[in-house]
Amino acid sequence: MARRQYPFHLIEPKWQQHWEAEQTFRAWNPGDQLPAAHPFALRHSLASAVARKESLPPKCYILDMFPYPSGAGLHVGHPEGYTATDILSRYRRAQGFNVLHPMGWDSFGLPAEQYAVRTGQHPRKTTEQNIANFTRQIRSLGFSYDWSRELATTDPEYFRWTQWIFLQLYHAWFNPETQRAEPISTLTYPADCQTEAQRRTFRDGKRLAYVSEAPVNWCPELGTVLANEEVIDGKSEVGGFPVIRKPMRQWMLRITAYAERLLADLDTIDWTDSLKEMQRNWIGKSQGALVTFAVAGVADAAITVFTTRPDTLFGATYMVLSPEHALVASLTTPDQAAAVREYQTFAAGRSDLERTELAKEKTGVFTGAFAINPVNGERIPIWIADYVLASYGTGAIMAVPAHDTRDFEFAAKFNLPVRQVVQPPDAKTPWQGFTDPGTAVNSSSAELSLDGLPTAEAKRAITAWLESRNLGRGTTNYKLRDWLFSRQRYWGEPFPLIWKRDADGTLYHEALPESALPVIPPPLDDYKPTADGRPPLARAADWVELPDGSIRETNTMPQWAGSCWYYLRYLDARSSSGFVGSDAESYWMKAPEAAPTLSASFRPSPGVDLYVGGTEHAVLHLLYARFWHKVLFDLGHVSTPEPFHRLVNQGLILGEDNQKMSKSRGNVVNPDDILKEFGADAFRLYEMFMGPLQDVKPWNTQGVAGVYKFLGRVWRLFIDEATESEFEQRCTVDPSRSAEFLTEVRLAPNVQDIPADPFHLKPLHSCIKKVTEDLEGLRFNTAISAMMIFVNEAIAWDVKPVAALKPFLQLLAPFAPHLAEDLWSRLHQSLGVSTPSLSYEPWPRFDPTLLVEDTLEIPVQVNGKLREVIRVPAAATNAELEAAALKAEKVLPFLAGKTIKKVIVVPRKLVNIAAV
RNA sequence: GCCGCUGUGGCGAAAUGGCAGACGCAGGGGACUUAAAAUCCCCAGAUCGCAAGAUCGUGCGGGUUCAAGUCCCGCCAGCGGCACCA
């Protein structure tokens, strides 16, 4: 272990305790009674007052993605984002904003449940232990969270409201006319819904939360179904276990209804392009047409296909249905029936993995039936093949092998005809397999000709023709599927639902009343799913069966449920009368109408002002949360259409070997070890100094030593060497009295309360300027280097004016808050004045007049190459600059024998002489 | 295959179209020390040169410009996402 640069081991716990005791970082809501002595109240003249929306300063909501408290403890990746948001929170507080900066626990999750299955220990117990460990680790980093708002998704007082929000979804439907969710009571029933049972079936089919019997991703190893998003290459995202398709009764959320709004509203928020692009890809909007084909010889059978290339309709030489398509059985001719059935069995048995891995080789069989191409009356064969997915579009396609890669491969394998209908723009490009836009050819009938039309126009023409004949219509399709929302697990939110039978014996579901919330999972002896595949909750017979004969839903919600709305609970975390109070919601989520100009370059936005987390949540969490938020918005429970206005992904931190950190590689860095040796301030500073927040970057413990040395220099900038070394000697003798000895350490004698002159103020103010600008741009690494430059300069001063050092401590405070607080309080003590709270001291402003130079160093180039740097008065005119450059000593030899063609003078910057 | 991001010293990185490599790590030299650690000062892209200095240099090839790491066109490599989505 290296020599301790400064007594961080005493300083850091001291200030952490101070902040906790003083509730320094408590964020105040409208309606809160502010204490008389709280520094926020003093700064904003609200001491002893009841805060009102109008009297509170403008809000700023800075949020971290809350962690899953795993047994492994904190990872160095967690504090990266947390430090960035903490720095920004402290900065905004100093600017005068009312900052909401909370932390909590995404504590439902599989590991605690798997541990319970193995040991029988209740997951709540494991979860509590892990939360305690995470709390200790996160607190030791000195983040300025408002811990009074801490929440855990596993807390019944939290998931009561998760269940309540589920009920809002259950009791709502999406009205396509208004494009919004509305209470289910606004639903109008079709005329053929006569009986209550019919109306119920219709209603249940419209709810945003509904039951589906569709095939799902069943993971036998985990004993649960998984959402499509949780299956990677046919294996579970968690654990990498095989996943098979299996039809089961499941709860679904109708996220597809929101596809268009989820897509369109991306344009209203400030996320990176790459992240928006990932969401756009996931939503997968495509424009095209539905086209209906009659089936030859079967009067009332028709097959509708979705295509993005209706312009190629004349090139359709066969059709393909997915093996699961509803019409397959009725179309298939007797002599093909055996082959078709065999193929259906084959396809059903193929896992997703096999379907994708073996994608190169197309498979399929002929049904024996033919369809009629509506444009030219041609008979084309109908095949089934598993390269057509049942779940996308209509589950059926028209195959245009000439202009679709997959159809081309299939046609080649099964010897089906290939007919050109698009001419590539470049005559040399072969038309076979050409899928880009071109010009329509061979596309004429008696009634219609597309020939000669560019692809885009051909699409319009054919779509109009199809619509006029009632054979098809233009439409939009999305890849996004409804969200499979139930899991066969114990450690999740139970659904607030029960099942009943009506007079006919038909099973139906019903919501529990709000008064029944929270529905708490019953204790079990065994947490495994039952032998027949029912969820663990089914084991608790006396919980499942209610006195009136109805039975409880035994599925639980997925882990995403709790994280879909936690950012709203923070606004009013202890509310017992609603998921969030409306005053709190509108204060923190609405953009202030006329914010006083606290900052030239920042104004609070609607929703969360800054949300920082990893890219792993780019589609799942962020899409789900946006969806819930929009539903809550439609139903009038929140005031903005989007939850997270600005979102930044922190980059992954790799191990010292440049590989992803993992136990098996043995390159995991444990924050506890770093903290012990270098302290929290050095750890925070290093994580920010490594490079840009968004970049992937490797860990290097020697780099921590570097910023640690910088903090040591800051300490020595202020501290008297003699009393410091005496302190160290006394600590060696009696370490138990270290804290007491520390109070005897004095400021350096050359730290003096005298006026600062430009010699001191110039470097200070250029540092203020750089740090302030870099904070706004989240460029923490360059802000730190600006502070290093200042310290390198200031440490050489013979006399160190307090007036030049105090603002520096304010700049340092967001980054290294413990050290800054300690030196700040020493400085004030030595002046014999009371110490104002560093956290609420107004952020320093730089004075541009101090940064004005009286002479400038101007590079002189000849033909773009640097030849000399000349020193000129700052006021020099262009003509003077040019003259000085032309007679500069080292420039002359490069001009000798040449003709000067042109001299470019960039005022205050550079002179370039073009000479030949 | 498609989409997105990134390529700069030994390493992490910096640079509104205007002095490439700030700041830091590792390295070298010196001061202090009996010695080491720590601290302080100095050097430090590559090549050639005793030096002054010169030439080359931001993944590769072109282009625009008085001037390109930065803008444009075409490649290559790495990372991330999607992937039979019709």
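A quick note: this is a predicted structure, and the numbers were derived from the prediction, not measured.
Classification of Glu773(A) and Arg779(A) as a salt-bridged pair fails, no side-chain N sitting under 4.0 Å from a carboxylate O.
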Checklist entry - Pairs counted as Watson-Crick or G-U wobble with both distances under 3.5 Å: what dot-bracket string results for RNA chain B, using | for bases tied to another strand? => result (((((((..(((.....[....))).(((((.......))))).((((....))))..(((((..]....))))))))))))....
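OP1 or OP2 of rA14(B) lies within a sub-4.0 Å distance of a side-chain N or O belonging to Asn781(A). At rC56(B), one or more side-chain N or O atoms of Lys865(A) fall inside 4.0 Å of OP1 or OP2 (strictly under the cut-off). OP1 or OP2 of rC40(B) lies within a sub-4.0 Å distance of a side-chain N or O belonging to Arg716(A). Contact check, Arg867(A) against rC19(B): no side-chain N or O comes under 4.0 Å of OP1 or OP2. At the phosphate of rA22(B), neither OP1 nor OP2 sits under 4.0 Å from any side-chain N or O atom of Thr782(A). In terms of phosphate contacts, Asn658(A) brings no side-chain nitrogen or oxygen within less than 4.0 Å of OP1 or OP2 of rG78(B). Side-chain N/O atoms of Lys709(A) include one lying less than 4.0 angstrom from OP1 or OP2 on rC25(B).
In this model, no side-chain donor or acceptor of Asn281(A) finds a partner on the base of rC82(B) within 3.5 Å. Between the side chain of Lys479(A) and the base of rC82(B) there is no donor-acceptor pair of N/O atoms closer than 3.5 Å.
The side chain of Gln5(A) approaches rU39(B) more closely than any other nucleotide in the set rU39(B), rC3(B), rC25(B). Among the nucleotides rG12(B), rC41(B), rG4(B), the one closest to the side chain of Arg713(A) is rC41(B). If you check rA86(B), rG18(B), rC40(B) against the side chain of Ile904(A), the one that comes closest is rG18(B). The side chain of Tyr392(A) lies closest to rA86(B) when the candidates are rC19(B), rA86(B), rC23(B).
Arg716(A) and Gln5(A) share a side-chain donor-acceptor pair at under 3.5 Å.
Using a 4.0 Å heavy-atom cutoff across all strands shown, Ile397(A) reaches at least one base atom of the nucleic acid.
With sequence neighbours excluded, no residue forms a salt bridge (Lys or Arg N to Asp or Glu O under 4.0 Å) with Lys479(A).
Sorted by residue number, the list of members of residues 718-727 of chain A with any non-hydrogen atom under 4.0 Å from RNA chain B is empty.
Projected onto RNA chain B by closest heavy-atom contact, Lys902(A) and Pro692(A) fall at different nucleotides, the more 5' of which corresponds to Pro692(A). Annotation: of the two residues near RNA chain B, Met788(A) and Asp404(A), the 5′-most nearest-nucleotide partner is Met788(A).
When ring centroids are compared, Tyr343(A) and Phe346(A) come within the 6.0 Å threshold.
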